[in-house]
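Below is one structure; the comments refer to it alone.
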Number of protein chains: 2
Amino acid sequence: MSPRVDEQNQQIRDKRKQQLLAAGAKVFGERGYAGTKVSDIVGEAQLSHGLIYHYFSSKEDIYMELAKTAFTTSYDTIHQAVNSNGSPYERLKAMTEEILAHTRESGYFFLIALQTNTSKTVPEQASAISAEYSAKSLKLLTHLFQQGQKHGEFIKADPSQQALMYTSMLNGVVFTRLTYPSLECFPQVDQILRAFINTSSVKE
Amino acid sequence: MSPRVDEQNQQIRDKRKQQLLAAGAKVFGERGYAGTKVSDIVGEAQLSHGLIYHYFSSKEDIYMELAKTAFTTSYDTIHQAVNSNGSPYERLKAMTEEILAHTRESGYFFLIALQTNTSKTVPEQASAISAEYSAKSLKLLTHLFQQGQKHGEFIKADPSQQALMYTSMLNGVVFTRLTYPSLECFPQVDQILRAFINTSSVKE
DNA sequence: GTCTATAAAAGGATAGAC
DNA sequence: GTCTATCCTTTTATAGAC
């Protein structure tokens, strides 16, 4: 086997794997883990039924890979925003816009992360990773709310509760937008933030 | 067969059906339609596998009955709150508290309604009913936001968009609370409403 | 009315040809 | 590397005894 052929084969393998992951993201995101059949994934990818088992060992395996991607990218987005420059309010606003923009392109990963967080039907291993990243993300957000309150920009309230409230509300609106993608101008970032900031201290 | 026995049998039938519906609400709410097995329902109800088919014609049938209950009670709650006395803000606040209290007792029905709204794996008929009630509920809310804006209590913005935003945020926080039931003091109603009201016009 | 046993169907995973 | 055919487990649904 010449190196030339090896390289071509590797390219094919990479392409197929990406194809299956993209198809998996779509159908898992739309239908959930339990509601997704292997035949749904390969049907979406336009590949034969058996081929998926040359690239993944099981339905669980491909889900795990997608869930990991979902959590790491989500965490990175938050981490980057929290540690950037600007006042707490500016960072929270930038982060919110970033998340909304991000879920506009790769909404299926948002849905997979949400499912993995909350559904009892996903693989056990996925739930474990979910819990780990959720806790880490919540800590970053809590710290940001602490800073914002000290800074006077945010309303006074238990920071970790504020972080949870922020996450919950954002989940709700993103979820709605992904369910009704036709709503172009939904949601308004300022309105979400309004629940957390001192209207007197921040120019609206 | 004496009337006495007829009556007793009817009582047993009613009791069993309720047992199965309660068990179904729990497991469908927790695991979704696709993730729920008939054996999960009868296991939860502590009844034999075959018995469920004496009370419901299929897994789909029992789900439909639960979904209908979920939507009608949700709609009634909104309808009642919107048409009660008080200023728009007072009605919105009372409704929010009512919904939170309601989902505290019968959270599984909230989860079933949410799933039915958004999942592509629920019975087709359930999606149809869901769409119908969602539209009706949104109209009621939109009207309330129109009144609140005219009244000066609410911030100015497209009322139907405000209604959708309110629903989305509330879904998000209720969902979080049902996922982490330990959070006793979550969420704060005033903070949710803060996103929609003029802080100057309403005493906080 | 309730249960156990069984049929029927669906879905995940593998084998082997090309 | 890819496909079709097949296996086998799981799950829905029914039948018939008690």
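Residue numbers start from 1 in every chain, and the chains themselves are labelled A, B, ... in the order their sequence lines are given, proteins ahead of strands.
- Sorted by residue number, the members of residues 10-39 of chain B with any non-hydrogen atom under 4.0 Å from DNA chain D read Thr36(B), Lys37(B), Val38(B).
- OP1 or OP2 of dT2(C) has at least one side-chain nitrogen or oxygen of Tyr55(B) nearer than 4.0 Å.
- Using a cutoff of 4.0 Å between basic side-chain nitrogens and carboxylate oxygens, Glu65(A) and Lys17(A) are scored as salt-bridged.
- For Thr103(A), the side chain to side chain donor-acceptor pair (under 3.5 Å) partners two or more places apart in sequence, or in a different chain, are Arg177(A).
- The side-chain contact (heavy atoms from CB on, under 4.5 Å) check on Leu140(B) picks up Tyr75(B), Ile78(B), His79(B), Val82(B), with sequence neighbours excluded.
- Between the side chain of Thr72(A) and the backbone N or O of Lys68(A) there is at least one donor-acceptor pair closer than 3.5 Å.
- The nearest whole Å value for the distance from the CD1 atom in Ile52(B) to the P atom in dG1(C) is 15 Å.
- Shown here are the side-chain contact (heavy atoms from CB on, under 4.5 Å) partners of Ser57(B), two or more places apart in sequence or in another chain: Asp61(B).
- The backbone N or O of Ile197(A) lies less than 3.5 Å from a partner atom in the side chain of Arg194(B), making a donor-acceptor pair.
- In this structure, the CD atom of Gln8(A) is 12 Å from the P atom of dG1(D), given to the nearest Å.
- Near DNA chain D, defined here as any heavy-atom distance below 4.0 Å, there are no residues from residues 60-70 of chain A.
- Taking 4.5 Å as the limit, every side-chain heavy atom of Leu178(B) sits out of range of all side-chain heavy atoms of Tyr108(B).
- The phosphate of dA13(C) (OP1 or OP2) has a side-chain N or O of Tyr53(A) nearer than 4.0 angstrom.
- Listed by chain and residue number, Phe28(A), Tyr63(A) satisfy the ring-ring contact (aromatic ring centres under 6.0 Å, His included) test with Tyr33(A) (two or more places apart in sequence, or in another chain).
- Per the geometry, CG belonging to Asp40(B) stands 14 Å off P belonging to dT10(D), to the nearest Å.
- An angle of 0°, rounded to 10°, separates the two end axes of the helix from dG1(C)-dC18(D) to dC18(C)-dG1(D), each defined over five pairs.
- Every pair passing salt bridge (charged side-chain N to carboxylate O under 4.0 Å, His left out) that includes a residue from residues 73-98 of chain B is listed here, sequence neighbours excluded: Lys93(B)-Asp190(B).
- Side-chain N or O atoms of Lys156(A) include one that pairs as donor or acceptor with a backbone N or O of Gln149(A) at under 3.5 Å.
- Residues that satisfy the side-chain contact (heavy atoms from CB on, under 4.5 Å) test with Gln11(B), not counting sequence neighbours, are Glu7(B).
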Strictly under 3.5 Å: I want the nitrogen or oxygen pairs between protein and nucleotides 3-6 of chain D, one per line.
| unit_1 | atom_1 | unit_2 | atom_2 | d |
| --- | --- | --- | --- | --- |
| dC3(D) | OP2 | Ser48(A) | N | 3.1 |
| dC3(D) | OP2 | Ser48(A) | OG | 3.0 |

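- For residues 132-143 of chain B, the pairs satisfying side chain to side chain donor-acceptor pair (under 3.5 Å) are Asn117(B)-Ser134(B), with sequence neighbours left out.
- Shown here are the ring-ring contact (aromatic ring centres under 6.0 Å, His included) partners of His54(B), two or more places apart in sequence or in another chain: there are none.
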